[in-house]
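Shown next, in structure tokens, is the structure this report addresses.
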Amino acid sequence: MVPIISVVIPYRDEGGNLEQAIESCLNSAFSAFEIIVVDYGLKDGYAQEVIRRLNHTNIRMVEQEDKGVSYARNTGIREAKGEFIICLNADDKLHPAFMGKALEQLMGQSQLGFATSGYQTFGAIHYTWEAPPFHLGHLLSQNIVCSSALFRKQAWLAAGGFNESMTEGYEDWDFWISLAKRGWGAAIVADTPLSYRVAGGASDDFKHDRLVRQVANNHPDLFSEHRLYELWHDWLKDELQVRRMIRNQLGTELRMDPLVSIIIPCYNYGRYVEDAVNSCLGSTFQEFEIIVVNNGSTDPYTIEVLNRLKKPKTSVIHVQTNIGLPHGRNAGIKAARGKYILPLDADDKLRPTLIEKAFRVLEAKPELGFATVGLEYFGDTSWVWIPPVFDFNRLLSENIVCVTSLFRKQAWLAAGGYNENMIYGYEDWDFWISLCESGWPGEAIPEALLLYRRHGHSLSYDAGQRHAAIVQQIRNNHPQFY
């Protein structure tokens with residue numbers, strides 16, 4: 001009978017464990033298999049003696065010089081008659097049901113190249129590992145395929161076999177990546193764990209790091225920043241975790257575009273602007289840039305402050321003539337690299353968690369255009385305002401959105417930016433209506449996360465004096481709603 005599965009067991013110096021490994025195969029509920037022992041170690045006759053003693057017609061042995069386990073596996077697979085292969089370590093043991101169940105999975109789905117189980121350790125350490133759902137992104141972060149997975153010989157040929165330069169370990173992880181990047185999927189075989197022997201001794205972190213780098217170097221097409229980002233984002237759906245993982249993999253010095261651009265227009269507010277910038281730098285969320293817009297300042301002190309402003313993550317751009325706050329904000333946003341925009345007035349300050357909490361809302365709900373927060377007044381006045389549940393109809397009659405709300409740059413583009421005719425105030429209220437009009441509603445976070453400074457004469461004070469006229473201007477800007 002021609003075997004369907006070939007079990008390849010490289011043997012070097014595992015001693016009496018080899019017999020247990022072979023017996024675990026012979027105890028399988030599936031019978032159409034062969035066992036190929038590749039003796040690449042001492043060749044002291046022990047492996048030959050085990051095969052003679054077991055006296056099974058489906059066992060044969062190949063001898064070769066010691067060129068590493070990858071070379072031994074490839075030698076055995078080349079000798080294999082089966083369409084499907086299992087590489088079993090000489091000190092591990094197969095579950096009796098694994099061969100049959102794994103083969104059933106692959107026979108039924110031609111796009112699958114390999115089938116893995118979990119494992120149970122024995123020896124120096126005892127624990128159980130369950131194989132997670134397969135995803136190439138996950139596989140690039142760690143080996144999630146059991147060393148004794150069943151795979152198609154056809155897939156092995158397409159991948160060029162095990163990489164024979166991997167002589168110190170992780171050759172199986174490297175091989176599963178080679179299969180997966182060629183489009184072969186993986187099946188998870190439940191309730192058939194490999195018995196995986198763990199020897200004593202301390203782990204070698206330096207060796208681990210070196211081998212991880214070797215695996216990455218073997219697959220530069222996958223371990224580039226762009227490809228890792230694409231695959232890990234598809235797997236995790238978590239932008240911040242993906243960025244942390246890419247920096248860990250490729251180096252902490254790696255620079256990626258910011259996720260959030262904080263826009264701080266500054267017109268003659270030199271005495272406050274550094275406080276605003278410092279409040280941003282103290283955020284729990286750090287994937288941002290700060291763009292301070294010198295919005296045509298005429299005050300010598302402000303000009304001096306902005307000319308010498310050297311803060312991390314911060315740049316200053318200049319608008320020669322002040323033609324209003326909306327123009328200053330739009331100028332900053334045009335220069336922004338972030339996916340999200342946070343407008344911040346130069347005399348206000350952020351609470352540390354504002355960006356992080358608003359970011360999480362927008363990441364979780366792609367249908368939203370903005371996330372707003374409450375504010376705490378300080379300075380000449382002290383009180384707290386918490387936004388109500390967002391309601392567009394209510395927004396049409398009163399501004400229920402904080403000026404410092406996080407919004408998508410995509411939504412800003414769809415709305416045409418801030419209306420630069422709104423030079424007397426309420427430009428933010430008009431903008432939130434424009435976002436909703438463009439199909440980008442908002443959501444409120446019921447926490448006071450902005451520190452809103454009240455001090456004498458300000459644009460918001462002037463707007464209050466012109467309230468009726470500016471409200472009429474908003475109505476004229478959006479006649480379909482009024």
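The closest side-chain donor-acceptor pair between N163 and E171, if any, does not fall under 3.5 angstrom. A donor atom on one side chain and an acceptor atom on the other are found under 3.5 Å apart for T284 and E356. Side-chain contact check for N330 and W412: at least one donor-acceptor pair (N or O, by modelled atom type) lies under 3.5 Å. For the residue pair D430 and H478, a side-chain donor N or O sits within less than 3.5 Å of a side-chain acceptor on the partner. Remark: the E363 side chain and the Y340 side chain contain an N/O donor-acceptor pair separated by less than 3.5 Å. In this structure, a donor-acceptor pair under 3.5 Å is absent between the side chains of Y418 and H327. With no hydrogens or angles considered, no side-chain donor-acceptor pair links Q472 and Y482 at under 3.5 Å. There is no side-chain donor-acceptor pair under 3.5 Å between N419 and E427. With 3.5 Å as the limit, one finds a donor-acceptor pair spanning the side chains of S261 and E289. Side-chain N/O atoms of K311 and N278 include a donor and acceptor closer than 3.5 Å.
Between D348 and R453 there is no salt bridge, since no side-chain N of the basic residue sits under 4.0 Å from a carboxylate O of the acidic one. Between E447 and R351 no salt bridge is recorded (no basic side-chain N to carboxylate O distance below 4.0 Å). Between K181 and D221, at least one side-chain N (NZ, or NE/NH1/NH2) sits under 4.0 Å from a carboxylate O, which counts as a salt bridge. Under 4.0 Å is where a charged nitrogen must lie from a carboxylate oxygen, and between E443 and K365 at least one such pair does. A salt bridge between R308 and E274 is present, with a side-chain N of the basic residue lying under 4.0 Å from a carboxylate O of the acidic one.
Shown here for L406 and F359, the closest heavy-atom pair between the two residues is CD2-N, 3.5 Å. Minimum heavy-atom separation, T116 to C146: OG1-N, 2.8 Å.
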For this session: Take F134 and F114 through the ring-ring contact (aromatic ring centres under 6.0 Å, His included) test and state the conclusion after the steps.
Result: CA-CA 11 Å; F134 183 77; F114 51 112; 5.5 Å; yes

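Of the inter-residue distances, the one linking R454 atom CZ with W383 atom CH2 reads 8.0 Å to the nearest 0.5 angstrom.
Residue S297 is tested with N295, N294, D299 for a side-chain hydrogen bond (donor to acceptor under 3.5 Å, both in side chains); the sole match is N294. Residue F370 forms a ring-ring contact (aromatic ring centres under 6.0 Å, His included) with just one option from W440, W432, F407, and that option is W432.
Both tests pass for K349 against the ring of F378: distance under 6.0 Å to the centre and angle within 45° of the axis. Remark: R197 fails to qualify as a cation-pi partner of F122 under the 6.0 Å distance and 45° angle criteria applied to the six-membered ring.
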